[in-house]
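Reading through the structure tokens given below for one structure.
Worth knowing before you read on, the calculation uses all heavy atoms, side chains too, and leaves out hydrogens, waters and symmetry mates.
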Amino acid sequence: MLADAVTEGGTAMLGGMGGVGKTQLAADHARHTWQHGQLDLLLWITAATRQAVVDAYAQAGTDLLGVDPADPQRAATAFLAWLEPKASPVPRRWLIVLDDVADPADLHGLWPPASTHGRTLVTTRRRDTALTQRGRLVQVGLFTTAEATAYFTGAGRREPAEQLAALAGHLGHLPLALSQAAAYLTDTALDCAAYRRLLADRARQLDDLLPEPGALPDEQPATVAAAWSLSIERADQLRPAGVAGPMLQLAAVLDPNGIPQTVLTSAPALAYLTDHRAADTPVLGQCPTLAAPVTSEQAYQALRALHRLNLIDHTPDIPHQAVPVHQMVQRSVRDSLTSDRRALLARAAADALLATWPRIERETGLAQALRANTTALTGYADDALYQPGAHAVLHRLGQSLGQSGQVNAAVKHFHYFAAATDRRLGADHPDTLSARGDLAQWRGEAGDAAGAAAALAELLEDRLRVLGPHHRDSLRTRGNLGQWRGEAGDAAGAAAALAELLADRLRVLGPEDPDTLTTRASLAYWQGKAGDAAGAADVFAEVLTDRLRILGPEHPNTLIARGNLARWRGEAGDAAGAVAAFAELLTDRLRILGPDHPRTLITRGDLAQWRGEAGDAAGAVAAFAELLTDQLRVLGPDHPRTLATRHDLARWRGAAGS
């Protein structure tokens with residue numbers, strides 16, 4: 001029926017309540033068509049939000065067409081255009097699966113085009129006309145008694161049909177619950193009658209605990225929740241005893257589409273598992289040793305136990321999305337916890353994400369997964385992440401967006417973050433003031449230098465009032481304000497403000513404090529912009545010496561100082577020396593940061609510029625052309641640095657005579 005629906009209509013909808021197996025049916029169809037050579041492109045998208053669809057299209061556009069993933073809407077449009085049928089002797093055969101569509105409005109302007117050779121398959125709990133008009137709806141319902149009995153028989157149960165049917169009835173004929181029960185029965189060697197008695201006892205206990213009727217997701221009967229409860233209890237009895245339950249709790253507040261295994265085996269995750277290990281859980285075949293902390297190996301074993309009981313999928317060979325878990329399982333686990341426990345769990349999960357986040361995001365897949373998991377966590381436990389203060393993972397999420405080139409997304413995130421801290425913590429709370437500073441910074445990075453300067457001027461007034469003039473954050477805001485005033489066109493004003501700040505930082509912090517070194521570097525930069533290139537080069541040489549001694553050769557600020565020294569030596573007349581210095585710096589940036597890091601791209605632009613200034617206009621053209629291709633892919637066509645590179649490329653093409 002499903003294959004016919006897709007073939008006949010081009011677009012098919014699998015509809016039904018959670019847990020009936022819509023995703024499994026879609027996956028089976030996708031797997032079958034791919035393995036039988038019927039597709040050239042298979043794209044699976046977890047479509048719970050519009051942004052998830054846009055991001056998936058953007059990634060596909062990057063992989064297929066080399067377009068920009070950092071401008072998701074533009075990349076999505078390019079990918080959808082690629083899907084359009086075209087006159088070709090070899091047609092493009094594709095299948096797009098939009099799994100778990102939550103709101104039809106999310107797909108406005110994002111529907112794959114009608115195509116003779118392309119197909120779209122949607123799974124959803126909705127029945128909106130906006131969806132059903134798109135294609136044929138295949139309603140996926142509960143198993144019939146015969147289907148449920150056949151399922152249990154296929155899973156190895158050899159009991160009388162009436163016993164299997166009775167168990168299916170207790171579980172509401174929900175396919176997901178039947179799979180839980182089958183795994184439990186196989187693992188424990190119980191018969192259906194004994195399992196039904198356990199379900200009845202557990203369901204009565206849950207009925208007493210539920211705050212009100214209908215508290216379970218999708219109106220599932222209490223026996224369904226009881227089935228999961230029994231499976232979790234069984235997983236807790238497997239080695240390592242008592243760890244599977246708290247492990248599933250961590251998974252219940254993260255991204256259902258896949259959690260990096262490193263998050264669930266990080267030090268904060270292990271601490272949570274240790275603190276909440278079920279102390280009264282018997283270990284099968286041995287006496288428990290509960291005093292020792294849970295190890296990463298035991299955490300891995302807990303994941304395998306949960307997989308064995310069909311509570312999660314554990315696919316270690318997909319490390320960044322190693323642990324998908326059904327949203328109904330997540331909901332049941334979360335709803336079984338007290339509000340205090342949920343808050344504690346949310347902060348533990350946030351700690352685990354933060355501990356896993358690399359300082360330098362060389363693996364884009366990991367960074368994307370961490371952002372997706374943090375976004376999911378904020379959706380489940382937003383309030384808990386602001387008590388007693390805003391959790392640092394919220395700041396890291398915004399920085400990750402900006403550092404990956406998604407500066408507009410970073411601005412949007414910090415706009416929400418600043419408003420949320422203001423509302424929850426108050427206007428004068430340090431976290432609110434910090435969020436405002438981050439918002440101003442990324443406004444500047446997105447091209448609004450004047451707006452950044454204005455926002456920082458307002459922030460400075462509040463920080464001086466709340467923190468006083470000598471607080472490090474007040475001094476730092478003065479430095480950022482000077483920087484963005486300069487970027488907005490007032491180089492002399494920036495130099496004057498930074499000279500005053502340097503005097504205060506020398507007095508308050510001392511000459512070797514990192515912030516003092518930063519101010520010396522900023523002052524030198526704007527002195528150079530104001531016309532004193534040789535003086536700027538001399539100061540940067542001194543700053544670099546101090547940073548090498550204090551921070552080391554690979555610290556980001558040391559690398560920045562090297563770039564500034566090279567630039568101002570070039571501005572002072574030594575273009576060839578600037579070329580050599582930027583070439584050496586680029587080698588180190590590639591090694592330390594990777595080829596797509598924004599700082600690496602900046603250094604490539606500096607090197608191209610000084611090649612031209614040193615007389616090699618053709619070399620500058622070639623370097624800028626290569627850089628522009630990568631910036632379009634990483635930063636997007638509207639990023640200020642991409643636009644600057646287009647200008648530089650045109651300039652040097654003119655200088656080269658082309």
(message) Using modelled atom types and a 3.5 Å cut-off, is there a donor and acceptor pairing between side-chain atoms of R347 and backbone atoms of A384?
(response) yes

(request) Would you mind telling me which of R342, R334, R341, H276 makes a side-chain hydrogen bond (donor to acceptor under 3.5 Å, both in side chains) with Q249? (result) R341

(request) Could you grab the distance from atom OH of Y300 to atom OG1 of T295, nearest 0.5 Å is fine? (result) 13.0 Å

(request) Would you please say whether a donor-acceptor pair under 3.5 Å links the side chains of T123 and D99? (result) yes

(message) Measuring from atom CG of L345 to atom OH of Y380, what distance do you get when rounded to the nearest 0.5 angstrom?
(response) 11.5 Å

(request) Using atom types as modelled and distance alone, determine if a side-chain donor or acceptor of D351 lies under 3.5 Å from a backbone N or O of P268. (result) no

(request) Please answer whether the main-chain N or O of A369 pairs with a side-chain N or O of H320 as donor and acceptor at a distance below 3.5 Å. (result) no

(request) Measure across L401 and A409 and return the closest heavy-atom pair with its distance rounded to 0.1 Å. (result) CD1-O, 3.9 Å

(message) So, taking the atom named CZ in R359 and the one named CZ in R396, what distance separates them when rounded to the nearest 0.5 Å?
(response) 10.0 Å

(message) Strictly distance-based, threshold 3.5 Å: is any side-chain N or O of Q261 a donor or acceptor partner for the main-chain N or O of V323?
(response) no

(request) Without swapping roles, check the side chain of T124 against the backbone of V101 for a donor-acceptor pair under 3.5 Å. (result) yes

(message) Using side-chain heavy atoms (C-beta onward) and a distance below 4.5 Å, is L270 in contact with L273?
(response) yes

(request) Supply the atom-to-atom distance L107 CG to I45 CD1, rounded to the nearest 0.5 angstrom. (result) 9.0 Å

(message) Could you tell me if the side chain of R599 sits less than 4.5 Å from the side chain of I560, heavy atoms only?
(response) yes

(request) Look only at the side chain of R93 and the backbone of G37, and say whether a donor-acceptor pair between them is shorter than 3.5 Å. (result) yes

(request) Measure the spacing between CD of Q38 and NE2 of H32 and express it to the nearest 0.5 Å. (result) 5.5 Å

(message) Strictly distance-based, threshold 3.5 Å: is any side-chain N or O of R304 a donor or acceptor partner for the main-chain N or O of H314?
(response) yes

(message) Quick one: does any side-chain atom of T558 pair with a main-chain N or O of G552 as donor and acceptor, under 3.5 Å?
(response) yes

(request) Check for a donor-acceptor pair, side chain of T600 on one end and backbone N or O of G594 on the other, with a separation under 3.5 Å. (result) yes

(message) Checking R589 against I602 for the side-chain contact (heavy atoms from CB on, under 4.5 Å) test, could you report, in this order, the C-alpha distance in whole Å, the side-chain angles of both residues, the deciding distance, and whether it holds?
(response) CA-CA 10 Å; R589 285 215 186 272; I602 290 172; over 6 Å; no

(message) How close do V97 and A26 get, counting heavy atoms only, and between which atoms?
(response) CG1-CB, 4.2 Å

(message) Testing the basics here: between N408 and A446, what is the closest heavy-atom pair and its distance to 0.1 Å?
(response) OD1-CB, 3.8 Å

(message) Within the structure provided, determine whether L585 and F582 are in side-chain contact (heavy-atom separation under 4.5 Å).
(response) yes

(request) Verify, without hydrogens or angle tests, whether S266 (side chain) and V263 (backbone) share a donor-acceptor contact under 3.5 angstrom. (result) yes

(request) May I ask you to check whether over 12 heavy atoms, not counting those of H415, lie within 6.0 Å of atom NE2? (result) no

(message) Restricting to non-hydrogen atoms, name the atom on A346 and the atom on L385 that form the minimum distance, rounded to 0.1 Å.
(response) O-CD2, 3.8 Å

(request) Please tell me if the side chains of L83 and S115 come closer than 4.5 Å, counting only heavy atoms from C-beta onward. (result) no

(message) Can you confirm whether the side chains of H117 and R92 place a donor and an acceptor under 3.5 Å from each other?
(response) no

(message) Quick check for you: to the nearest 0.5 Å, what is the distance between D100 atom CG and L14 atom CG?
(response) 12.0 Å

(request) Begin from the C-alpha positions of T374 and W357 and carry the test side-chain contact (heavy atoms from CB on, under 4.5 Å) through to its verdict. (result) CA-CA 11 Å; T374 303; W357 224 306; 3.3 Å; yes

(request) Might you point out which heavy atoms bring L80 and G109 nearest each other, and give the distance in Å? (result) CD1-O, 3.7 Å

(message) If you define the side chain from C-beta out and look only at heavy atoms, does anything of R604 sit under 4.5 Å from L601?
(response) yes

(request) Quick one: closest heavy-atom pair of M247 and L264, and the distance? (result) CE-O, 3.5 Å

(request) Decide yes or no on side-chain contact (heavy atoms from CB on, under 4.5 Å) for R591 and E554, but give the supporting numbers first. (result) CA-CA 10 Å; R591 174 177 54 83; E554 295 189 355; 2.7 Å; yes

(request) State, with a plain yes or no, whether a side-chain heavy atom of E361 is found less than 4.5 Å away from one of R371. (result) yes

(message) Any heavy-atom pair between the side chains of T642 and L628 that's under 4.5 Å?
(response) yes

(request) Answer whether the closest heavy-atom distance between the side chains of W82 and L41 falls below 4.5 Å. (result) yes

(request) Applying side-chain contact (heavy atoms from CB on, under 4.5 Å), run through H429 and T421 and close with a yes or a no. (result) CA-CA 8 Å; H429 192 281; T421 51; over 6 Å; no

